[in-house]
Number of protein chains: 2
Amino acid sequence: MSNQSDCCAPLAREPIAKDDAVEMARILKAVADPVRLRLLSLIAARDADTCVCDLLPDFDLSQPTISHHLKILREAGLIGSERRGTWVYSWVIPETLDRLSALFATSKAEV
Amino acid sequence: MSNQSDCCAPLAREPIAKDDAVEMARILKAVADPVRLRLLSLIAARDADTCVCDLLPDFDLSQPTISHHLKILREAGLIGSERRGTWVYSWVIPETLDRLSALFATSKAEV
DNA sequence: CGTCAATATTGACATACATCGATACCAGGA
DNA sequence: TCCTGGTATCGATGTATGTCAATATTGACG
């Protein structure tokens, strides 16, 4: 029943299936890091797409390290990225955030 | 402004503070594992408290390993546990689930 | 007490991960 | 066509993590 784009009822509703647990844990691993959580938040809190160069100054980390973290967020489907000339811009994919939010929802009543 | 029980606005609302990112990443690490996600779900989906002995048969893992995972969930504030005679029972702490759910909320409109 | 069943702790091990410096790749401009 | 600046990849390294077998702890019950 669960596919990529619409996976699993809230944790508290019914025991999550093994495969779904693997899939959601993959996404959760991507956000289970202070640096990536901040990167994601910086990108998500903007109205416009975010240039990587705007993110770097906020961290005491090397450019390769930030690039590495962005790749992990991208592979988890949490952000999208695109090169525009010299710069690379990123944006949030809200559907993936929604999946996480729904996963932890506790109100058993719903649609 | 943010304390333990009510930390940080949704990621997408404003850039998360460094300390909050560390704190939330700590909790997220606890759920970023397929086994712990299933444990949490099994416990959360029940009406009554869950005996550890009821959880073991669902996994192809040793008892010490399950015990280890439960400890991590406990230390993250996701579940509570209590010994009653021979058995140890666990229950979910919904406030912590709510914090996670709220963290990923995308609708900018709210209370 | 002494035993037994349920759970926790310890120590060891292999694997995964965050980070860096060095370097490669790309696109724009002289 | 060659530089230059922004970004990605690579290789190395130290640390964290998931797992187990062995053992300790806890509490119930003879």
Side-chain angles (χ1 to χ4, degrees), chain A residues 16 18-19 21-43 46 48-76 78-91, chain B residues 16 18-19 21-43 46 48-76 78-91:
Chain A
I16 189 173
K18 276 189 196 180
D19 290 349
V22 170
E23 155 81 355
M24 295 309 286
R26 226 193 77 247
I27 302 176
L28 285 167
K29 261 189 218 290
V31 289
D33 177 277
V35 172
R36 290 196 291 269
L37 213 47
R38 288 179 58 209
L39 281 171
L40 185 62
S41 185
L42 284 168
I43 296 171
R46 294 206 173 202
D49 297 349
T50 309
C51 175
V52 175
C53 58
D54 285 335
L55 297 169
L56 288 174
D58 281 38
F59 298 85
D60 288 330
L61 293 170
S62 69
Q63 174 269 320
T65 298
I66 297 298
S67 183
H68 166 70
H69 284 306
L70 288 172
K71 183 180 188 179
I72 289 177
L73 290 174
R74 216 178 304 125
E75 288 175 345
L78 285 157
I79 64 172
S81 293
E82 189 182 43
R83 177 162 220 132
R84 291 181 204 147
T86 306
W87 298 275
V88 171
Y89 290 86
S90 302
W91 58 90
Chain B
I16 190 174
K18 274 188 196 181
D19 291 349
V22 170
E23 155 81 355
M24 295 309 286
R26 224 194 78 246
I27 302 177
L28 285 167
K29 261 188 218 290
V31 289
D33 178 276
V35 172
R36 290 195 291 271
L37 213 47
R38 287 178 60 209
L39 281 170
L40 186 62
S41 185
L42 284 167
I43 296 171
R46 293 208 175 202
D49 298 349
T50 309
C51 175
V52 175
C53 58
D54 285 335
L55 297 169
L56 287 174
D58 281 38
F59 298 85
D60 289 329
L61 293 170
S62 69
Q63 174 269 322
T65 297
I66 297 297
S67 181
H68 166 70
H69 284 306
L70 288 172
K71 183 181 188 180
I72 289 178
L73 290 174
R74 218 179 304 125
E75 289 175 345
L78 284 157
I79 64 172
S81 293
E82 189 183 40
R83 177 162 218 134
R84 293 182 203 145
T86 306
W87 299 275
V88 171
Y89 291 86
S90 302
W91 57 90

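Numbers restart at 1 for each chain; the letters A, B, ... are given by sequence-line order, proteins then strands.
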Suppose we call a contact any N or O donor and acceptor under 3.5 Å apart; does that hold for the side chain of A/Q63 and the base of D/dA8? yes
Figure out the CG/P separation between B/L70 and D/dG18, and round it to whole Å. 13 Å
Give a yes/no answer on whether the side chain of A/T86 brings an N or O atom under 4.0 Å of OP1 or OP2 in D/dG6. no
Roughly how many Å is it from CZ in A/R84 to C1' in C/dC26, rounded to a whole number? 17 Å
Over all strands shown, is B/R36 touching base, sugar-phosphate only, or nothing at heavy-atom distances under 4.0 angstrom? sugar-phosphate
I want to verify a distance call: between D/dT19, D/dA8, C/dA8, whose nearest atom is closest to the B/H69 side chain? D/dT19
Nearest-Å distance for atom pair CG/P, residues A/L61 and C/dT19: 5 Å
Nearest atoms (heavy-atom pairs only) where A/L37 meets B/A21: CD2-O, 3.6 Å
Expressed as a whole number of angstroms, how long is the span from B/D33:CG to D/dT19:P? 6 Å
Could you state the atom-to-atom distance from CZ of B/R83 to P of C/dA8 in whole Å? 7 Å
Which residue lies more 5' along DNA chain C, comparing A/G85 with A/A32 via nearest heavy atoms: A/A32
Could you point out which residue of B/T65, B/L61, B/L40 forms a side-chain contact (heavy atoms from CB on, under 4.5 Å) with B/V35? B/L61
Closest to the B/K71 side chain: C/dT9, D/dG6, C/dT7? C/dT9
At 4.0 Å (heavy atoms only), tell me whether B/I66 reaches a base, stays on the sugar-phosphate, or touches nothing. nothing
Without decimals, in angstroms, what is the distance between B/L56 CG and C/dA6 C1'? 9 Å
Does the side chain of B/T50 pick up a donor-acceptor pair with the side chain of B/S90 at under 3.5 Å? no
Within the structure provided, determine whether A/R84 and A/D49 are in side-chain contact (heavy-atom separation under 4.5 Å). yes
Separation of C/dC17 P from B/K29 NZ (nearest whole Å): 10 Å
Take the protein atom CG of A/L28 and the nucleotide atom C1' of C/dC17, then report the distance between them rounded to whole Å. 17 Å
Under 4.5 Å between any side-chain heavy atoms of B/L70 and B/I43, yes or no? yes
The nucleotide from D/dT9, D/dG18, C/dT19 with an atom nearest the side chain of B/H68 is D/dG18
Indicate whether OP1 or OP2 belonging to C/dA8 is found under 4.0 Å from a side-chain N or O atom of B/R74. yes
Residue A/C53, side-chain heavy atoms: nucleotide from D/dT19, D/dA8, D/dT7 that is nearest: D/dT7
I want to verify a distance call: between D/dC20, C/dA27, C/dT19, whose nearest atom is closest to the A/V35 side chain? C/dT19
Starting at the 5' end of DNA chain D and moving along, which residue's nearest nucleotide shows up first, A/T65 or A/W87? A/W87
